[in-house]
Amino acid sequence: MVKAVVGANWGDEGKGKITDMLAKEADIVVRFQGGANAGHTIVNNYGKFALHSLPSGVFNENTTSIIGNGVALNIPVLFHEIQSIVEQGVPMPDIKISDRAQIVMSYHIKFDEYEEERLAGKSFGSTKSGIAPFYSDKFAKIGFQVSELFEEEEALMEKAENICQKKNVDLEYLYHKPLLNPADIVKELKEYKEMIAPYVCDVSLLLWNALKEGKEILLEGQLGSLKDPDHGIYPMVTSSSTLAAYGAVGAGIPPYEIKKIITVCKAYSSAVGAGAFVSEIFGEEADELRRRGGDGGEYGATTGRPRRMGWFDCVASKYGCRIQGTTDVAFTVLDVLGYLEEIPVCVAYDIDGEITTEFPTTSLLEKAKPVIEVLPGWNCDIRGIKKYEDLPENCRKYIEFVEEKIGFPITMVSNGPGREDIIYR
Ligand code: GDP
């Protein structure tokens, strides 16, 4: 059976923890999109880890960790991560990399930086991991697939020359930066080949066979619905699809095999980067939530940037869950709200005087004002509680209120960063 773990919102919903938990029961965990631009924070018996590239199953000895074809593969980052977890005592994971994954080149990262510099104040808030230039090249058909690393040098050189011809126009006239040369590109590719050769395989075939054998496969999404290039808050989105449906493409499995879609939804909102964020809060109210949020504050796992904070947004979350095709909602970081006497929730948007609970396209979203309803808080620490009935009444009411507004079943409630901090309903 295939399950997918994905985000309902802007990312940082706590997918890493839920994936880590579900990975215990999975034979295979697959990353199917995105790159090293986002990160999961995982707390387990080995310690606390920020993973950017590796699938969250790497901590389980019996789990195979797969980098699917849909991923933006940053080989040095991946290697650094493998090294660092092994140094911290985690047994060497079983890693497989799709021969159809494409490679993030050092020039993609440079182009990302140059473009941010050019856009200056109008930038998208890129993490400068090369993701947008990478995916642009993939679809412009000038990317390098892992399989190509094993081609003759001559073929690579020819391709590198073509790339330089195109890229150097921008480097010279648009960015005024040093030019690329084909020999450097080929050298970089050779280094990458050495690093990943032992892990490369035909991932879609491996997964096909695993499915026939009845293996449990977990697809691990990055970011969330609202960062999807089609269904998110374009153009303030990421460059690969963040939806469970894309799991079929980005891993290479039949779409009908995805039976469970676990959408992770945080009990309040946070976002990084630019873009409309209707339920956003500011000042001391935001600072306090940011300080208390997540596990040690709401700061980007990759960049360390302070996240923008807001109250739970029922409109965005209902949409985020719908567009994922949610079967189960995992409602996370609920314990953090324990300090509040009262909890504001955004229940609708007011767009030019019209009240709606349907998430609009970006131009309308920018005009949306939150319609807030205030629920009573529970004002105590709920960490350590194992049974739903043992949660304070106001806490259960908050969960049930949100469930009713979003219209998808909350089957898991996370009340702490650890694997065991989970309440099943
Ligand atoms: P991801 O990208 O969706 O995996 O999210 P992040 O890793 O950026 O954010 C989740 C943060 O919240 C991490 O620091 C987790 O350890 C932490 N976390 C996850 N679930 C919970 C929870 O239920 N309670 C608390 N307090 N922290 C949590």
Side-chain angles (χ1 to χ4, degrees), residues 7-10 12-14 17-18 41 43 224 263-271 277-299 306-318 320-321 329-350 355 357 368-418 420-425:
N9 305 111
W10 301 264
D12 310 316
E13 299 94 347
K17 177 235 162 110
I18 301 294
T41 314
V43 183
T263 304
V264 183
C265 214
K266 190 153 66 176
Y268 54 89
S269 303
S270 72
F277 181 6
V278 179
S279 69
E280 185 166 14
I281 53 174
F282 304 91
E284 180 45 37
E285 192 180 37
D287 288 343
E288 175 147 42
L289 184 55
R290 184 180 303 109
R291 246 192 337 269
R292 294 174 176 268
D295 178 33
E298 291 282 359
Y299 301 91
R307 291 175 181 152
R308 297 164 67 193
M309 306 304 297
W311 302 123
F312 188 81
D313 183 335
C314 298
V315 180
S317 304
K318 176 173 85 163
C321 287
V329 174
F331 197 51
T332 59
V333 209
L334 188 61
D335 51 303
V336 160
L337 299 182
Y339 73 97
L340 293 159
E341 298 275 348
E342 289 185 321
I343 310 178
V345 178
C346 171
V347 293
Y349 293 169
D350 177 335
I355 306 298
T357 61
K369 307 250 175 329
V371 177
I372 298 285
E373 216 171 298
V374 179
L375 302 193
W378 47 94
N379 221 315
C380 68
D381 187 4
I382 59 162
R383 281 210 195 177
I385 293 177
K386 300 284 174 208
K387 287 209 247 92
Y388 189 70
E389 310 79 75
D390 295 342
L391 288 170
E393 190 185 356
N394 284 346
C395 182
R396 280 181 279 132
K397 280 192 173 152
Y398 184 78
I399 297 167
E400 286 153 28
F401 180 88
V402 164
E403 183 173 54
E404 207 256 316
K405 293 285 181 203
I406 63 178
F408 292 91
I410 296 177
T411 60
M412 282 171 255
V413 175
S414 173
N415 59 337
E420 63 299 335
D421 301 322
I422 192 85
I423 299 168
Y424 292 95
R425 277 175 89 204

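The figures that follow rest on heavy atoms only: side chains count, while hydrogens, waters and symmetry mates do not.
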### Test side-chain contact (heavy atoms from CB on, under 4.5 Å) applied to Phe408 and Thr263, step by step
CA-CA 10 Å; Phe408 292 91; Thr263 304; over 6 Å; no

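- Counting heavy atoms from C-beta on, the side chains of Pro392 and Ile382 come closer than 4.5 Å.
- Between Phe312 and Phe331, the distance separating the two ring centers is shorter than 6.0 angstrom.
- A donor-acceptor pair is defined here as one N or O able to donate and one able to accept, closer than 3.5 Å; such a pair exists between the side chain of Tyr398 and the backbone of Ala267.
- In this structure the side chain of Ile18 reaches within 4.5 angstrom of the side chain of Ile422, judged on heavy atoms.
- The two residues Ser270 and Glu298 come nearest to each other via the heavy atoms OG-OE1, 3.8 Å.
- Considering all non-hydrogen atoms of both residues, Ser279 and Pro370 come closest at CA-CB, 4.5 Å.
- Going from atom CG of Leu289 over to atom CG of Leu340 covers 7.0 Å, rounded to the nearest 0.5 Å.
- Of the possible donor and acceptor atoms, none in the side chain of Lys318 sits under 3.5 Å from a partner among the backbone N and O of Gly407.
- Comment: Glu284 engages Arg291 in a salt bridge, judged by a side-chain N to carboxylate O separation of less than 4.0 angstrom.
- For the pair Glu288 and Arg292, the salt-bridge criterion is met [side-chain N within less than 4.0 Å of a carboxylate O].
- Between Cys321 and Val329, the shortest heavy-atom contact is SG-CG2, 4.0 Å.
- Between the side chain of Arg290 and the backbone N or O of Arg307 there is at least one donor-acceptor pair closer than 3.5 Å.
- Heavy atoms only, all atoms of each residue included: Arg396 and Leu391 are closest at NE-O, 3.0 Å.
- Between the side chains of Asp421 and Ser414, no donor N or O sits under 3.5 Å from an acceptor N or O.
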### Query
Do Val345 and Cys314 pass the side-chain contact (heavy atoms from CB on, under 4.5 Å) test, and can you show the C-alpha distance, the side-chain angles, and the key distance before you say yes or no?
CA-CA 7 Å; Val345 178; Cys314 298; 3.5 Å; yes

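- Two residues are said to be in side-chain contact when any heavy atoms from C-beta on lie closer than 4.5 Å; Lys405 and Val347 meet this criterion.
- The two residues Cys265 and Asn9 come nearest to each other via the heavy atoms SG-OD1, 3.9 Å.
- Of the possible polar contacts, none joining the Arg383 side chain to the Asp335 backbone as a donor-acceptor pair under 3.5 Å is found.
- Checked by atom type and distance alone, the side chain of Glu403 pairs as donor or acceptor with a backbone atom of Ile410 at under 3.5 Å.
- Closest approach of Val333 and Tyr268 over heavy atoms only: CG1-OH, 3.5 Å.
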### Task
Carefully, step by step, assess Val413 and Ile399 under the rule side-chain contact (heavy atoms from CB on, under 4.5 Å).
CA-CA 9 Å; Val413 175; Ile399 297 167; 3.9 Å; yes

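- Within the model, atoms CD of Glu280 and CG of Asp313 stand 11.5 Å from one another, a figure rounded to the nearest 0.5 Å.
- Note that CZ of Phe277 and CH2 of Trp10 are 5.0 Å apart. Values are rounded to the nearest 0.5 Å.
- Once rounded to the nearest 0.5 Å, the distance linking CZ of Phe282 with CZ of Arg308 reads 7.0 Å.
- The closest donor-acceptor contact from the side chain of Lys17 to the backbone of Gly418 lies under 3.5 Å.
- Under the 3.5 Å distance criterion, the side-chain polar atoms of Lys386 are matched with a main-chain donor or acceptor of Glu420.
- Between atom CG of residue Asn415 and atom CD1 of residue Ile385 there is a gap of 7.0 Å, rounded to the nearest 0.5 Å.
- Summarising the geometry, atom CE belonging to Met412 is positioned 12.0 Å from atom CZ belonging to Arg425; distances are rounded to the nearest 0.5 Å.
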